[in-house]
Amino acid sequence: MTATTVRPPARGEGGFAGAGTLLKMWLRRDRVMMPAWIYGLTALVSSTVYSFKSGYDAPGSLESFARGINGNPSMRALYGPVLNERTAAGVSAWRVGATGAALTAVMCVLLVVRHTRAEEETGRLELVGAAAVGRRAPLTAALAAAVTAAATLAAVAALVMMLFGLSVAGSIAFGLSWFGAGLVFAGVAALTAQLAETSRLANGLAFAVLGAAYLVRGVADAGSAHWVSWLSPIGWAQRVRPHAGEHWAVLLLPLAAFVLLAAAAYALAGRRDLGAGMLAPSPGPARAAPSLRGPLALSWRLQRGTLIGWSAAFLVYGLAIGGVADGVGDLVDGSDAVLDDIREMGGQQDIADAFLATAMGLMALFASAYAVQGVLRMRAEESGGRLEPVLATAVGRVRWAAANLAVTVAGTVVLLGATGLAVGLVHGARSGDLGGQLPRQLGAALVQLPSVWVIAAAAALIFGLVPRGTSAGWGVLTVCLLLGQVGPLLKLPQAVMDVSPFTHTPKLPGGGLDVLPVAALTAVAVAVAAAALLAFRRRDIG
């Protein structure tokens, strides 16, 4: 047997040795996740620009729409103010500016935490560190991966806008506004990865900062204290003013924030032990409480914090949607094409009902994201070595997996139920029909559940069959997102649209409740979930 000699870092490499090799490896690992994010957000840009350029061709219709937005505090809280009311470019930048910046931030957070704290949590980073890899190399490679993803997205989004004939300067500013948001939250994730001891907590802390940033921006735009948006990185993305008289100097703010956050992360990384976080977890009791002596209780304990955060977001979104539903007809007045698009996507002739049905479908997609995240947590428990000790007790495989799926499914009921209640309360109060609208909107939200369960079951089946490919569950959701949001605008064939389970969901409120597709989707979800449990029972753990 021949001994292997590990080359020490060369002079000058210091703690950054091996960063380039790690970056290549992680970009290869992200060859599915990263393009999916970039493709999805680029499709959002292209469909939005196409919709506004083709839907508001009547003289004065675009200005009327923009004035309606700027006069509606709820819409300003959701998307911000329209800074250029005269062009489709300015309105398109308004529509996807803040939300796209937030989604870019989510992508960067997931990438950084995945390649730092998650690698430590599973023990892989300790093995990597035993070779000629510097202490700062993993963090450097993770930040480089996130910056690469954000830069690629910014370049592609800007190019798409230019291909639609929008100005070069405005398109570049738009791409850089998203890139700046990605930079800031890559730095935030790098910092939370040093503070937290688990990837779940690191992601949770970073997303809490993101949620606070979006909330601060929304409060500022909805009220009169617009200067408050300067306190939010999402507000900075809007202050760049793409296609509205670009303010290039604002881009220095996210760059400076990234440098400061990254420097803080590097400083903390050099002061802590590998695998440990700066926030030490409190020791638990010597004996578990009766409420924790079972896989169902354990799953609930692990997921309750995430569910509370998601529920708060769904509740806020439901309140905002309920607040704008009555005035949606005035916002699109003068654009028959947009009215037709909303009616086609919502499946109703009444514009308010069509808008609410479209909003409920969008919230169902977000609930599906929560479900996929729940399945990914099962994989994290397995790859982190925490599942084997549980299965060494009297808990069986199927019982453990079924308990986790049950909590995830119950969580989707809570999320969509919160949305329906919020929309029903606000819309009912504004329309003077609280008793009628509350059950109506709650039913419209809950009817989305079978489609959500199909996505959850599909992700669970991937986990059962190909555990290392569990993240492909995001790909399933991305396909459904593109079909639902872009398909009606591009007039895709019905056979293609039928691939998504959301195509078969009754369009409520306003339409008739067809029990057959709801029952069929539920049966499909149950059958696929059963196949997932069977596959998990038969495969090896690890």
Side-chain angles (χ1 to χ4, degrees), residues 37 41 44 73-81 83 93-113 143 146-147 149-150 153-154 173-196 201-242 247 250-265 305-306 308-317 319-320 366 369:
W37 273 97
L41 289 173
L44 179 64
S74 297
M75 291 298 287
R76 294 201 309 270
L78 280 175
Y79 304 111
L83 300 176
W94 156 81
R95 180 60 181 83
V96 295
T99 53
L103 290 172
T104 304
V106 171
M107 175 186 70
C108 291
V109 167
L110 293 175
L111 285 171
V112 172
V113 173
L143 287 172
V147 171
L153 172 60
F174 178 84
L176 289 177
S177 69
W178 279 13
F179 177 69
L183 272 185
V184 172
F185 284 94
V188 170
L191 188 59
T192 61
Q194 312 310 314
L195 296 174
L201 181 56
N203 280 324
L205 291 174
F207 290 146
V209 175
L210 174 58
Y214 202 92
L215 182 61
V216 167
R217 195 276 318 155
V219 170
D221 288 337
S224 57
H226 302 302
W227 63 269
V228 177
S229 66
W230 283 103
L231 304 177
S232 167
I234 306 300
W236 298 345
Q238 291 180 316
R239 295 284 181 169
V240 176
R241 297 178 64 92
H247 289 176
V250 178
L251 294 169
L252 295 175
L253 290 174
L255 180 60
F258 172 72
V259 171
L260 292 175
L261 290 166
T306 303
I308 291 172
W310 278 83
S311 298
F314 271 62
L315 186 63
V316 171
Y317 190 87
L319 294 173
F366 288 135

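In this chain, residues are counted from 1 in sequence order. Just so we're clear, the structure is a prediction, and the values are computed from it rather than from any experiment.
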Trp178/Leu103 under side-chain contact (heavy atoms from CB on, under 4.5 Å): CA gap, chis, key distance, verdict: CA-CA 9 Å; Trp178 279 13; Leu103 290 172; over 6 Å; no
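Contact check for Leu111 versus Trp37: no side-chain heavy atoms found under the 4.5 Å cut-off. Between Val219 and Val228, every side-chain heavy-atom pair lies at or beyond the 4.5 Å cut-off. Residues Leu143 and Phe258 form a side-chain contact, since some pair of their non-hydrogen atoms from C-beta on lies under 4.5 Å apart. Contact of the Phe185 side chain with the Leu261 side chain is not registered, since no non-hydrogen atoms from C-beta on lie closer than 4.5 Å. Counting heavy atoms from C-beta on, the side chains of Val250 and Trp230 come closer than 4.5 Å. Looking only at side-chain heavy atoms (C-beta outward), Trp94 and Leu83 stay at 4.5 Å or farther from each other.
Between Gln238 and Gly80, the shortest heavy-atom contact is NE2-CA, 3.3 Å. Residue Pro242 comes nearest to Ala93 through the heavy atom pair O-CB, 3.8 Å, listed as atom of the first residue, atom of the second, then distance. Minimum interatomic distance between Arg95 and Tyr79 (heavy atoms only, all atoms of both residues): NH1-CE2, 3.2 Å. Considering every non-hydrogen atom in both Val240 and Ala173, the closest pair reads CG1-O, 3.8 Å. The shortest heavy-atom contact between Ala101 and Ala181 is O-CB, 3.6 Å. Closest of all the heavy-atom pairs between Ala213 and Pro233 is CB-CD, 3.8 Å.
Residue Leu195 holds its CG atom at 7.0 Å from CG of Leu205, rounded to the nearest 0.5 Å. For the atom pair Leu183 CG and Leu253 CG, the distance stands at 12.0 Å (nearest 0.5 Å). Taken from CG in Leu210 to CG in Asn203, the straight-line distance is 11.5 Å, to the nearest 0.5 Å.
Checked against Leu110 for a side chain to side chain contact (heavy atoms under 4.5 Å, CB included), the options Val106, Val112, Val113 give a single hit: Val106.
Around the CZ atom of Phe366, the shell of radius 6.0 Å holds no more than 12 heavy atoms that belong to other residues, nucleotides or ligands.
Note on residues 201-218: pairs passing salt bridge (charged side-chain N to carboxylate O under 4.0 Å, His left out), not counting sequence neighbours, are Arg217-Asp221.
Residues satisfying the side-chain contact (heavy atoms from CB on, under 4.5 Å) test with Pro254, not counting sequence neighbours, are Val184, Trp236.
Put simply, the side chain of Ser232 never gets that close to the backbone of Ser229: no donor and acceptor are under 3.5 Å apart.
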